[in-house]
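Below, chains carry the letters A, B, ... as their sequence lines are ordered, and counting in each starts from 1.
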Amino acid sequence: MGAEHNTLSKSERLNKKLLIDRLFAGGNKSLLAFPLRVVYMLVIQEREKASILVSVPKKRFRRAVKRNRAKRQVREAYRKSKSILLRALEERGECMVLAFIWLDDNLYASDVVEEKVKNLLVRIVEKL
RNA sequence: GCAGAUAACCGGUCUGUCGCCGUCGUAUUUUUACGGAGGAGGAAAGUCCGGGCAGCACAGAGCGUCCUACUUCUUAACGGGAAGCUGUCCGCAAGGAUGGAGCAGCGCAGAAGAAAAUAACCGCCAACCGUCAGGCUGGUAAGGGUGAGAAGGUGAGGUAAGAGCUCACCGGCCAUGUGGUGACAUAUCGGGCCGUGCGCCUUAGGAGCUGUAAGAUCAUGUAAACCGGCGUCAUGAGGAUGGCUCGUCCCAAUUCGUCGGAGGGUAGAUUGCUAGAGCCUUUUGGUGACAAAUGGCGUAGAUAAAUGACAGACACUUUGCAAAAAGUACAGAACCCGGCUUACAGGUUAUCUGCUUUU
RNA sequence: UGGACUAUGGUGUAAUGGUAGCACAACAGGUUUUGGUUCUGUUUGCCCAGGUUCGAAUCCUGGUAGUCCAA
């Protein structure tokens, strides 16, 4: 696995209820790049270096088609640019859990979303 | 040609790069890697009906409660569908929308109006009283205004005035005949003949409850819940049968303590999970919904939830002389089916209707 | 995913199918030197669209928005 293989398999998705509860319980850092907010937390040891979760509230888009599109855009953007984060984590030997939350009522073009995700990842790496 | 009606169908295509989820094959101890084949809808939506499937409950009868309600069919079933009957409304038409068990009995109907059902306010007529005004007694449903609804309708005869009081026609009801499986239609006859709406009610048919987050298995683990034994406390005939009654069943139940048995919940994994009242072709039966037979097909299975992102080309629509520009609907499986309802850019086919033109 | 329910002035909340009330708020006027209190008056409503009915906030159907429950 490297920068050449920009995969995003099932094991990189966050689906453990306990971890999600801890992530949103409070006290964790969050960054904002409108229309996205990211919440992240360092964890001790997981199978993957970083696992993510994308959330688009039903209040923002009532129709499932638009919700799915927003989630797919964010996932795609993370898949393309996750090497920024992974390299930094590998240097420090730590693991991380992230949650992306959609905040706006409108859809955006894919390149805009990708730019915002990159921006967030770079800022996370800076703050480590 | 234009404008419509009905029914059925489609609802973008191709190429490249990078990915996601099952599955199959090969390699590999596993991890994993490579390759093959596949991967959202007509509504997947709303969750409005009906069923399958699963768990729990369950001797039975009557009543109650709830649902359905023109007829005949269709189906696993339905409140759906088909074909018909009949009333009302819309449309020049093709057609469309919508209602329809029964009326034996009972109740209600604001305001208005004399009166909302064993009708006399005004009016009309007659007798009596009075001085002319009028009063009083009786008859009268033709006229008046109100109202959603006013005592079958129209005409003629008749009468003091009127009145199905009588007659003709129309409507309605009863009986009989004919046609139809039937709703019903139609013909004849008869007696002078039913106010409207809603509800109760009556009749016929039907309905156990919960839902795949059901349920099953595994692993961790042993509770204050369950079962049985023993002891103990107070009460003294009850408890169960989904609302009530009858009937039936239990003969002990309840409190606390103790011993033994059994294994519940939470988080997780696997399963349930996709071959099913399945889809397509042809033929036959049927007006049709649909049914039967023959042949063929293998067709998503996720779980904080995959089926995608980007680029290019084409196609279609609108604007435009052109170049070109803008746009390409509604919408995302969550156990599975049958319907219903709602949303939907644009397009195709068939039959039919109206108008117009030509032959 | 499965199920239950609600929608009435700016806010909270009533109404048996028959004129939509009440309280607070807002506004205007009176009282007061002024403000408050108080008195009088006014304004603003049945989620949307169909249907049943003589008549619908109420009954029925379909939408929209919101709330709750199971986990």
Have a look at A:Lys71 and say if it touches a base, only the backbone sugar-phosphate, or nothing, with a 4.0 Å heavy-atom cut-off. sugar-phosphate

Just to confirm, is there a sub-4.0 Å distance from OP1 or OP2 of [N] to any side-chain nitrogen or oxygen of [X]?
X: A:Arg75; N: B:A306; result: yes
X: A:Arg72; N: B:C18; result: no
X: A:Ser110; N: B:A309; result: no

Any-strand Watson-Crick or G-U partner of [N], both distances under 3.5 Å:
N: B:C279; result: B:G296
N: B:A83; result: B:U71
N: B:A313; result: B:U13
N: B:A112; result: none
N: B:G257; result: B:C230
N: C:U44; result: none
N: B:U351; result: B:A5
N: B:G155; result: B:C167

Distance, [atom1] atom - from [M] to [N], rounded to whole angstrom:
N: B:C48; M: B:C73; atom1: P; value: 33 Å
N: B:U212; M: B:A54; atom1: P; value: 16 Å
N: B:U86; M: B:C209; atom1: C1'; value: 42 Å

Nearest to the side chain of A:Arg79 - B:A309, B:C18, B:G332? B:C18

For A:Arg37, what residues pass the side-chain hydrogen bond (donor to acceptor under 3.5 Å, both in side chains) criterion, not counting sequence neighbours? A:Ser30

Sorted by chain and number, sequence neighbours left out, side-chain hydrogen bond (donor to acceptor under 3.5 Å, both in side chains) with A:Tyr108 holds for A:Asp104

List for me each residue that meets side-chain contact (heavy atoms from CB on, under 4.5 Å) alongside [X], sequence neighbours excluded, and say none if there are none.
X: A:Arg72; answer: A:Asn68, A:Arg75
X: A:Asp111; answer: A:Ala109
X: A:Ala33; answer: A:Lys116, A:Asn119, A:Leu120, A:Arg123

Starting at [atom1] of [X] and ending at [atom2] of [N], how long is that distance when rounded to a whole Å?
X: A:Lys80; N: B:A311; atom1: NZ; atom2: P; value: 9 Å
X: A:Asn68; N: B:A304; atom1: CG; atom2: P; value: 15 Å
X: A:Arg69; N: B:G332; atom1: CZ; atom2: P; value: 15 Å
X: A:Ile101; N: B:A304; atom1: CD1; atom2: P; value: 17 Å
X: A:Arg67; N: B:A304; atom1: CZ; atom2: P; value: 15 Å
X: A:Glu76; N: B:A311; atom1: CD; atom2: C1'; value: 13 Å
X: A:Lys66; N: B:G308; atom1: NZ; atom2: P; value: 18 Å
X: A:Glu114; N: B:A311; atom1: CD; atom2: P; value: 11 Å

Is there any protein nitrogen or oxygen under 3.5 Å from a nitrogen or oxygen in nucleotides 63-66 of chain C, and what are the pairs?
from  : atom 1 : to      : atom 2 : distance (Å)
C:A65 : OP1    : A:Arg62 : NE     : 3.1
C:A65 : OP2    : A:Arg62 : NH2    : 3.4

Output for pair (A:Ser55 OG, A:Lys71 NZ), nearest 0.5 Å, gives 7.5 Å

How should the glycosidic conformation of [N] be described, syn or anti, under the criterion that syn lies within 90° of 0?
N: B:A40; result: syn
N: B:G79; result: anti
N: B:G60; result: anti

Mapping A:Asp111 and A:Leu53 onto RNA chain B by nearest heavy atom, which one lands closer to the 5' end? A:Leu53

Does A:Gln73 or A:Val65 map to a spot on RNA chain B nearer the 5' end, using the closest nucleotide for each? A:Gln73

